[in-house]
Each structure stands twice: as structure tokens, then as C-alpha cells.
J.: 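There's a structure below that I have some questions on.
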Amino acid sequence: MSQIRVRFAPSPTGSLHIGGARTALFNWLFARSHGGVMVLRLEDTDTERFIAEAAEQIGRTLAWLGLEWDEGPDKGGPYGPYRQSERVEIYRAAAQQLVDKGLAYPCYCTKEELAAMREEARRKGQAPRYDGRCCRLSEEERQAKEAAGIKPTLRLKVPQEGQVVVRDLIRGEVSFDNATLDDFIIMKSNGMPTYNFACVVDDAAMRITHVIRAEEHLSNTPKQILIYEALGYELPYFAHVPMILAPDRSKLSKRHGATAVEEFSEQGYLPEAIVNYLALLGWSPGDDREKMTLDEIVRDFSLEAVNKSAAIYDVRKLTWLNAQYLNELPLDTIVARAVPFFKAKGLISKDPSGKDLEYLTTVIDAVRSRVHTLAELAEAATYFFKDDFTYDEKGVRKHFAKKPGEVVEILSRGRDALARVESFTVEETEKAYRKVIDEMGIKGAALIHPTRLALSGRTMGPGLFDIIAVLGKDECIKRLDRAINYIRTLQGQD
RNA sequence: GGCCCCAUCGUCUAGUGGUCCAGGACACCACCCUCUCAAGGUGGAGACACGGGUUCGAGUCCCGUUGGGGCUACCA
């Protein structure tokens with residue numbers, strides 16, 4: 001085979017969810033691992049469900065994930081246009097061909113009549129299928145309908161004998177009896193093609209060699225093969241990848257919370273982690289590797305190694321992977337990605353540079369190992385930028401309120417010791433604190449825990465001396481004084 | 001209902017007839033490390049849906065049952 005060509009063909013009716021992203025990823029991986037071409041095609045033939053911003057948003061999300069396409073609506077290419085709404089003439093011509101060959105015919109049944117027929121069949125316990133009545137219309141009857149101004153749909157004549165065999169790269173041969181199919185619609189009465197028809201016409205026109213899509217389309221494939229045959233097109237290879245299900249095993253939809261890739265992005269998940277996680281959903285390198293670079297995945301990916309069974313996505317594993325990337329990606333990269341989250345929390349006002357950037361970087365370095373997302377990162381770092389926090393309630397009970405008199409004494413000694421430190425580093429401040437601890441004959445925890453609470457309002461976080469060094473002498477003294485005063489008010493209440 | 005697909009720990013998976021009293025990862029539990037929380041390290045609990053075959057031998061092949069999913073639209 002010459003050049004391998006694949007396509008990702010989303011319908012712009014909403015944002016890209018992780019199922020779609022995974023399908024796009026597998027297409028992309030297949031193309032990249034074979035030196036092939038990736039086409040992005042917008043399936044916007046449903047004029048009612050079409051959402052203008054969705055197309056742009058899907059493109060943005062794919063690009064954010066790093067899944068660049070070679071041909072598409074914005075990029076152009078030799079087989080454009082890549083928006084189905086701009087290709088209607090092509091579908092009409094193809095449809096006309098089928099009518100001329102007697103393989104398709106106009107149907108004047110209205111939606112209401114069709115619905116009634118389906119209802120009738122259901123009541124009789126029969127399979128709801130179109131009975132082909134309009135195919136048997138006489139020329140006079142047809143003209144009469146036409147004269148009455150009824151805009152017909154076009155239906156493909158489906159043979160009622162024999163079967164269609166789908167040769168699937170992942171599932172092997174799957175056969176369907178033609179008798180289970182009916183004369184389905186290929187052109188709607190509004191002149192637009194239906195999904196199955198447009199899909200076939202375009203995949204052929206765009207020279208797609210491998211149709212890689214979700215399993216929900218496996219049942220559509222026999223219809224599409226019938227169209228390929230009617231049109232005299234050569235069949236592509238098919239590969240139906242397993243579905244991704246919501247935790248309750250149902251099909252993914254908006255009501256399942258964050259399944260839109262954009263939402264993960266807003267929560268501070270990194271594209272590297274999402275792509276890595278998605279690659280592992282339905283595919284595995286065949287060994288124990290979990291965290292893999294894109295290059296590694298491209299090198300080892302193959303459709304043959306793709307699973308057959310549907311997978312339920314588990315945010316917790318994604319979250320774990322995200323934490324891994326948060327820690328292992330270069331610090332500068334994480335800082336750059338984190339900036340919008342710090343801005344959103346009002347911790348910084350504009351893109352930091354110089355000293356501010358240096359400070360931000362130091363802070364992120366201190367907290368990144370204990371958070372899972374960029375949003376958590378900003379949250380965990382707030383007290384490095386604001387000192388108007390309140391003290392954690394449990395912490396107050398444990399470290400401030402138990403023996404307020406003693407704590408005030410201890411904290412004051414610590415404060416004074418810090419005030420005397422000249423070189424305010426992790427090492428020097430710790431030395432000073434250890435000395436206080438020794439002199440007072442107390443446990444380290446008796447000084448360290450109240451200090452952490454005083455400086456951050458929290459009972460958990462980076463090592464205390466890291467916090468101290470990052471905050472600097474003045475800020476530490478200020479916060480310790482504030483805490484000492486606060487504890488004195490506690491004393492009064494007893 | 002009809003047609004199609006699928007079935008290994010809670011979840012993602014390795015496993016292509018013997019090396020599997022089933023391996024890894026997330027999550028969970030314990031311990032270690034430790035100024036807290038993480039991270040990291042060590043260990044633990046946890047699965048071949050069920051029933052028939054085939055075979056000397058089955059998680060691996062076949063059939064059935066059950067369960068789950070998809071399609072069955074002038075949606076894609």
C-alpha cells in the first residue's frame with residue numbers, strides 16, 4: 001500500500017470528551033508510527049445540533065494534546081474542503097449516480113409516517129424496518145407526490161439476500177445478514193447527506209486507507225460497505241477500537257462530570273499525562289511500562305495490540321500519572337503551565353518575570369511533589385503570596401490552644417532566634433531552631449508544628465525550613481508575631 | 001424485541017495450550033523514612049463470570065448460559 005492515510009472525524013456538537021480524544025490519539029499514533037497522514041474532518045451535516053464554537057474548540061483541544069493533523073479545515077490539503085457542510089455537491093453527485101444506476105430511490109414518507117410505522121412494528125413485536133413502499137411507487141404516484149411539493153429523502157436499495165463481511169483489524173471478520181438491514185436513508189429531505197453516506201463518500205474521496213473509529217460504528221459498517229459497493233469504491237481497512245465507558249458502565253456523556261478534555265485542562269491536568277493515560281486505555285506495550293513518552297508510544301503502538309473490550313476510565317490513575325508528570329517535567333515547564341492557575345486565584349497579577357518569576361519558581365519547586373494537579377498546586381501555595389489566612393482549626397487545637405502559655409514562650413524564643421540569623425537559608429535557620437530546641441530541652445515537634453501553623457495556617461506542607469527560607473526573615477517574624485498575639489487572645493478565653 | 005461486539009483483581013491491563021497455586025499499575029492496608037503532608041522504599045489483601053465440551057493438559061480453543069456494551073433516527 002502506498003501512503004497510509006487516517007482521519008479523525010468529529011461532529012461539532014459539543015466539546016471533545018476523552019472517548020473522542022482516545023480515538024483521535026489512536027489514529028494519530030497509527031499515522032505517526034507508519035509515516036502516514038492524519039486528516040481532520042468535520043462532520044457537520046446535522047444542521048440542528050451543530051454548534052459553531054464546538055469545531056474550533058475541538059481543534060484547540062486536539063492541538064493542546066499535541067495531536068496535530070496534516071490536513072483539515074484550517075490547514076487545507078489536496079482533498080478538501082474538510083468540512084462536510086461544504087461538500088454537499090459531492091454527495092449530491094454521488095447520490096445521483098446511485099439513482100441513475102437504479103441503486104437508490106426517492107422516498108416521500110414523512111417523519112410522522114415513519115414514526116407511526118415503527119410504532120406499529122414495535123407493537124406487533126417485529127423489528128422496526130422500512131418496508132420499501134416508495135420503491136414500488138408508480139411514475140404517476142411519484143409525480144403526484146412531487147407535485148404536492150413533498151421533498152423526498154433518498155434511500156439505498158439493500159439486497160435482502162446474502163451477507164456483508166466486515167474485515168476488522170482488531171476484531172477479525174464480523175458478518176451481518178443483509179436481511180437484518182432495510183433500505184436506509186442516504187440523503188435527507190433537506191438535501192444533506194446522512195452520516196453513513198457522507199462518511200463513505202469522503203473516506204473514499206480523501207483516500208483514507210484505514211478507518212479507525214469507536215466500536216459504536218461497527219454496526220454501521222455493513223451499511224457503509226453496501227454504499228462502497230454501490231458506488232464502486234475500493235474498501236479501506238477497518239479498525240474498531242473499544243469504547244470508553246463511564247464509571248457506571250454507561251456511554252460517556254456530559255452528565256458524568258469531567259469527561260470533556262477541556263475540563264481536565266481547566267482542572268490542571270497536563271496534556272502529557274492525559275495522552276499517556278489514554279494510550280493505556282485499550283492498548284498496552286505488552287510489558288509493564290506505564291509511564292511512557294510519546295516517542296516511545298509511537299514506536300511501540302500497533303493496532304493488533306489494541307484490546308477488544310470496553311474500558312472504564314478511572315480518574316484516579318490519571319491523577320497519579322499527572323502527579324508523576326508534575327514532578328518529572330522540567331521545573332520551568334511546570335511554572336509556565338501553572339501561571340494561569342496562580343492568576344486565576346489572584347496570587348499573581350500578570351505574567352511574572354525577574355524576581356517574581358524566581359520566587360514563583362522556588363515556591364512551585366517546594367510544593368509540586370505533594371499535589372496532583374496545577375489547580376492543587378496554586379491552592380497549596382497560596383500562603384506564599386498572601387498572609388491573611390486563618391489558622392487551620394484542628395491545628396489550632398493541637399498546636400496553639402493546648403498549652404497556650406508554653407506555646408507563646410516557645411514561639412517567641414523561635415522568633416528571636418530567627419531574627420538573629422544573618423544568612424537566612426534552610427541550613428542556617430534550621431541550625432538556629434535546633435539550638436532553641438536543645439536549650440529549652442523540648443522536642444523538635446513542639447517548636448516546628450506551631451511554627452508551621454503560624455507561617456502557613458496549615459498543618460501540612462513542605463519542610464518547615466524550606467517554607468522559612470522561601471518566605472524570608474521579615475515575613476517570618478511578622479507572621480510569628482501575629483500568631484503569638486493570636487494565641488494570647490486564646491489564653492484570655494480560658 | 002432483532003442484529004453485532006465484549007468478558008483476568010474495585011479500575012486499567014500482561015497473559016496467544018504446559019514456564020500461571022496468574023505478573024504489573026492505580027486505588028486500599030501495614031511498615032520504613034520523617035518536623036507535618038506528600039514523594040520514595042518494602043510488604044499485604046485482591047481476579048481467570050458460570051456450565052458443558054476438545055485435549056495428556058485450558059485463563060488461553062469450541063458451544064451454551066449469564067452479564068455488560070453498541071446499532072436498530074431524515075444523530076454522528
Side-chain angles (χ1 to χ4, degrees), chain A residues 9-13 43-46 48-49 84 107 109-111 114-115 118 121-122 124-129 151-155 166 168 170-171 174-177 179-182 184-196 198-199 213-223 240 242-243 245 247 249-251 277 280-291 307-321 323-324 327 367-372 380 395 399 430 433 437 443-449 451-453 456 458-465:
Chain A
S11 166
T13 54
E43 309 229 326
D44 55 353
T45 54
D46 186 345
E48 281 167 29
R49 295 202 308 157
Q84 291 191 327
C107 169
C109 299
T110 64
K111 278 180 192 172
L114 260 13
R118 264 197 300 276
R122 203 189 321 275
K124 288 184 186 162
Q126 293 169 339
R129 47 204 308 285
K151 291 267 176 270
T153 60
L154 239 41
R155 285 182 186 271
V166 178
D168 190 283
I170 295 171
R171 282 149 213 287
V174 182
S175 45
F176 298 82
D177 283 331
T180 61
L181 270 24
D182 63 359
F184 57 90
I185 294 173
I186 55 174
M187 291 294 283
K188 307 177 196 176
S189 55
N190 68 359
M192 294 298 267
T194 56
Y195 160 71
N196 284 127
C199 180
R213 63 200 354 172
E215 196 202 323
E216 59 186 318
H217 294 298
L218 182 56
S219 299
N220 285 319
T221 310
K223 293 182 200 168
H240 288 92
M243 306 270 295
L245 270 23
R249 304 204 66 87
S250 70
K251 201 172 165 179
Y277 177 70
L280 259 18
L281 228 45
W283 174 82
S284 108
D287 51 41
D288 290 342
R289 282 174 294 163
E290 300 276 348
K291 184 167 178 287
N307 275 178
K308 293 187 182 73
S309 50
I312 296 171
Y313 84 96
D314 180 10
V315 203
R316 290 177 303 183
K317 186 156 180 174
L318 204 210
T319 302
W320 167 75
L321 259 178
Q324 296 289 312
N327 275 294
V367 291
R368 71 162 162 170
S369 76
R370 49 210 100 219
V371 296
H372 302 100
H399 306 300
E430 173 154 17
Y433 249 43
I437 290 162
K443 281 188 186 168
L447 173 58
I448 287 171
H449 292 320
T451 304
R452 171 178 288 103
L453 189 59
S456 70
R458 307 185 186 195
T459 58
M460 40 179 237
L464 178 65
F465 303 101

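Throughout, protein chains are lettered first and strands after them, A, B, ... in sequence-line order, and every chain is numbered starting at 1.
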J.: What interatomic distance, in whole Å, is found between C1' of G46(B) and the corresponding atom of G24(B)?
T.: 14 Å
J.: Report all interatomic pairs (protein N or O, nucleotide N or O of nucleotides 61-63 of chain B) with separations under 3.5 Å.
T.:
none

J.: Counting just side-chain N and O atoms, does Asn196(A) come under 4.0 Å of either OP1 or OP2 of A76(B)?
T.: no
J.: For a quick check, with a 4.0 angstrom heavy-atom cut-off, what is the B/S/- contact string for nucleotides 34-50 of chain B, read 5' to 3'?
T.: -BBBBSS----------
J.: Pick the C1' atom in A76(B) and in C37(B), then give their distance to the nearest Å.
T.: 47 Å
J.: Between Asp177(A) (side chain) and Ala179(A) (backbone), is there a donor-acceptor pair under 3.5 Å?
T.: no
J.: Should the side chain of Gln126(A) and the base of G1(B) be counted as holding a donor-acceptor pair, with the cut-off at 3.5 Å?
T.: no
J.: Using 0.5 Å steps for rounding, measure from the CG atom of Leu453(A) to the CZ atom of Arg458(A).
T.: 11.0 Å
J.: Who passes side chain to side chain donor-acceptor pair (under 3.5 Å) against Glu43(A), sequence neighbours left out?
T.: Arg41(A), Gln84(A)
J.: What distance, rounded to whole Å, do you find between the two C1' atoms, one in A14(B) and one in C74(B)?
T.: 47 Å
J.: List for me each residue that meets salt bridge (charged side-chain N to carboxylate O under 4.0 Å, His left out) alongside Asp314(A), sequence neighbours excluded, and say none if there are none.
T.: Arg316(A)
J.: Mind checking if His240(A) touches a base, just sugar-phosphate, or nothing, with heavy atoms under 4.0 Å?
T.: nothing
J.: Has Thr194(A) got a side-chain atom pairing as donor or acceptor with Ile185(A)'s backbone, closer than 3.5 angstrom?
T.: yes
J.: With a 3.5 Å limit on both atom pairs, tell me what A22(B) is paired to, counting Watson-Crick and G-U wobble, or say none.
T.: none
J.: With heavy atoms under 4.0 Å as the rule, sort Ser189(A) into base, sugar-phosphate or nothing.
T.: base
J.: Figure out the CG/P separation between Asp44(A) and A76(B), and round it to whole Å.
T.: 10 Å
J.: Could you tell me whether Thr110(A) contacts a base, only the sugar-phosphate backbone, or nothing, with contacts defined as non-hydrogen atoms closer than 4.0 Å?
T.: base
J.: Rounded to the Å, how far apart are Met243(A) CE and A76(B) P?
T.: 17 Å
J.: Hey, which sits more toward the 5' end of RNA chain B by its nearest nucleotide, Thr13(A) or Pro128(A)?
T.: Pro128(A)
J.: Write down the distance separating the C1' atoms in A49(B) and A7(B), rounded off to the nearest Å.
T.: 7 Å
J.: At under 4.0 Å, does any side-chain N or O of Asn220(A) touch on OP1 or OP2 of C75(B)?
T.: no
J.: Could you tell me which nucleotide pairs with C50(B) by Watson-Crick or G-U wobble geometry, both distances under 3.5 Å, or answer none if nothing does?
T.: G64(B)
J.: When the P atoms of C48(B) and U36(B) are compared, how many Å lie between them, rounded to an integer?
T.: 41 Å
J.: Choose from G24(B), A76(B), U13(B) the nucleotide whose nearest atom is closest to any side-chain atom of Asp288(A).
T.: G24(B)
J.: Hey, does the side chain of Asp44(A) reach the backbone of Pro12(A) with a donor-acceptor pair shorter than 3.5 angstrom?
T.: no
J.: May I ask you to decide if the ring planes of His399(A) and His449(A) are parallel, tilted or perpendicular, using 30° and 60° as cut-offs?
T.: tilted
J.: With rounding to the nearest 0.5 angstrom, report the CG to CE distance, Leu154(A) to Met187(A).
T.: 7.0 Å
J.: Without hydrogens or angle criteria, can the side chains of Thr451(A) and Tyr433(A) be said to hold a donor-acceptor pair below 3.5 Å?
T.: yes
J.: Determine whether Asn190(A) and Lys151(A) make a side-chain contact, defined as any pair of heavy atoms from C-beta on separated by less than 4.5 Å.
T.: no
J.: Within this structure, what is the CZ-to-C1' distance between Phe184(A) and U72(B), rounded to whole angstrom?
T.: 13 Å
J.: Sequence neighbours excluded, which residues qualify as ring-ring contact (aromatic ring centres under 6.0 Å, His included) partners of Phe184(A)?
T.: none
J.: What does nucleotides 2-10 of chain B look like as a protein-contact string, B for base, S for sugar-phosphate only, - for none, at under 4.0 angstrom between heavy atoms?
T.: -SSBSS--B
J.: Expressed in angstrom and rounded to an integer, what is the separation of Leu280(A) atom CG from U11(B) atom C1'?
T.: 12 Å
J.: Within the 4.0 Å heavy-atom criterion, would you say Gly282(A) contacts the bases, only the backbone, or no part of the nucleic acid?
T.: sugar-phosphate
J.: Is U16(B) paired to anything, Watson-Crick or G-U wobble with both distances less than 3.5 Å, and if yes, which nucleotide?
T.: none
J.: Given the C1' atoms of G2(B) and C61(B), what is the spacing between them in whole Å?
T.: 29 Å
J.: To the nearest Å, how far apart are His217(A) NE2 and C71(B) C1'?
T.: 11 Å
J.: Under 3.5 Å for both donor-acceptor distances, Watson-Crick or wobble: does G43(B) have a partner, and if so which one?
T.: C29(B)
J.: Measuring from atom NZ of Lys223(A) to atom OH of Tyr195(A), what distance do you get when rounded to the nearest 0.5 angstrom?
T.: 10.5 Å
J.: C6(B) and U60(B): how far apart are their P atoms, nearest whole angstrom?
T.: 15 Å
J.: Consider the side chain of Lys223(A), meaning its heavy atoms from C-beta on, and name the nucleotide among C74(B), U72(B), A76(B) that approaches it most closely.
T.: U72(B)
J.: Rounded to whole Å, please give me the gap between CD1 in Ile312(A) and P in U11(B).
T.: 6 Å
J.: With a 4.0 Å cut-off on heavy atoms, is Arg118(A) in touch with a base, just the backbone sugar-phosphate, or nothing at all?
T.: sugar-phosphate
J.: Output the rounded distance in Å from NZ (Lys317(A)) to C1' (C26(B)).
T.: 5 Å
J.: Between atom NZ in Lys291(A) and atom P in C26(B), what is the gap in whole Å?
T.: 13 Å
J.: Heavy atoms from C-beta onward define the side chain here; which of C74(B), G70(B), G24(B) lies closest to that of Glu290(A)?
T.: G24(B)
J.: Distance between the P atoms of C20(B) and G59(B), in whole angstroms?
T.: 13 Å
